[in-house]
Trainee: 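Here it is, the structure, as structure tokens.
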Amino acid sequence: TMGLNRLRPIVTIRRDHPSLTGRDVLRDVEGKAPRVADRADVVTRPTWRDDRTVIYGRAEARREDILMRNADGSGEEIKIGTGMTSRAAAGRLFFAKLSAATNGDLFQVLLPPGSAPPGPPELVQQLPVHEWEPSLSPDGTLLAYSSGDIGQSEVILRTYPTQTGQWQVSSAGGSYAVWSPRSDVIY
């Protein structure tokens with residue numbers, strides 16, 4: 001999984017290979033690799049808070065923590081919350097959180113600019129079906145997410161922040177929607 005920092009020559013990388021023990025979470029274009037996390041796994045999926053801070057997940061004892069740290073590896077990890085599959089856009093971090101009653105629900109955390117701490121988690125959507133992998137459009141007006149059980153999910157698109165419309169945009173299964181920079185295409 002890769003994500004490019006907009007202003008600096010750094011990409012986030014998560015390598016999936018069982019024989020790799022020292023997986024990089026960040027690597028700059030020149031090949032230098034500041035270590036941000038002590039390990040990467042299937043929940044890492046790094047995303048940028050801003051041009052200096054990376055957000056990533058880590059499985060810890062039957063829960064998935066969402067953490068952030070300076071992209072150059074300096075400073076300490078800061079725990080944002082517990083959840084999975086986080087994505088940052090428009091000053092917010094979106095993630096899913098599992099619950100026994102409703103399966104997966106969608107949450108957000110406000111990410112103020114600079115070094116201010118993130119806000120508390122806020123519920124965005126809670127339905128009886130499993131919702132996960134949220135992705136806010138770069139312009140902040142539409143929220144795409146996966147709905148349904150793993151392997152049988154579809155991508156749903158809804159207006160944001162107020163839900164005035166909702167559409168299923170995949171027809172034969174889909175997950176982990178990625179937006180174009182102009183917010184006009186979902187991949």
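Just so we're clear, the structure is a prediction, and the values are computed from it rather than from any experiment.
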Trainee: Does Tyr160 have its ring centroid less than 6.0 Å away from the ring centroid of Phe94?
Mentor: yes
Trainee: So, Glu64 and Lys97, do they make that salt bridge, N to O below 4.0 Å?
Mentor: no
Trainee: Hey, does the side chain of His130 reach the backbone of Gly104 with a donor-acceptor pair shorter than 3.5 angstrom?
Mentor: yes
Trainee: Contact between Leu143 and Leu106 at the side-chain level, heavy atoms closer than 4.5 Å - yes or no?
Mentor: yes
Trainee: Among side-chain atoms of Thr47 and Arg87, is any donor-acceptor pair under 3.5 angstrom?
Mentor: no
Trainee: Minimum heavy-atom separation for Phe95 and Met84, please, with both atom names.
Mentor: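 Scanning both residues, the minimum pair turns out to be CB-O, 3.5 Å.
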Trainee: Does any non-hydrogen side-chain atom of Gln125 lie less than 4.5 Å from one of Tyr145?
Mentor: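 Sidechains of Gln125 and Tyr145: in contact.
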Trainee: Kindly indicate whether the side chain of Val155, heavy atoms from C-beta on, has any atom under 4.5 Å from the side chain of Gln168.
Mentor: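 SC-SC contact between Val155 and Gln168 ruled out.
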Trainee: Establish, from distance only, whether the side-chain atoms of Thr164 and Thr159 form a donor-acceptor pair under 3.5 Å.
Mentor: yes
Trainee: May I ask you to test the Ile186-Val178 pair for a side-chain heavy-atom distance under 4.5 Å?
Mentor: no
Trainee: Return the minimal non-hydrogen interatomic distance between Pro112 and Leu110, and the atom names on each side.
Mentor: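 In this case the closest contact between Pro112 and Leu110 is CD-O, 3.3 Å.
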Trainee: Start with the C-alpha distance between Ile66 and Leu93, add both sets of side-chain angles, then the distance that settles side-chain contact (heavy atoms from CB on, under 4.5 Å), and finish with yes or no.
Mentor: CA-CA 10 Å; Ile66 301 171; Leu93 176 72; 3.8 Å; yes
Trainee: If the test is side-chain contact (heavy atoms from CB on, under 4.5 Å), which one of Glu131, Arg158, Gln163 qualifies with Val124?
Mentor: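 Of the listed options, the one satisfying the test is Arg158.
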Trainee: Decide yes or no on salt bridge (Lys or Arg N to Asp or Glu O under 4.0 Å) for Asp65 and Lys79, but give the supporting numbers first.
Mentor: CA-CA 7 Å; Asp65 290 340; Lys79 183 177 175 182; 3.4 Å; yes
Trainee: With rounding to the nearest 0.5 angstrom, report the OG to CG distance, Ser135 to Leu142.
Mentor: 10.5 Å
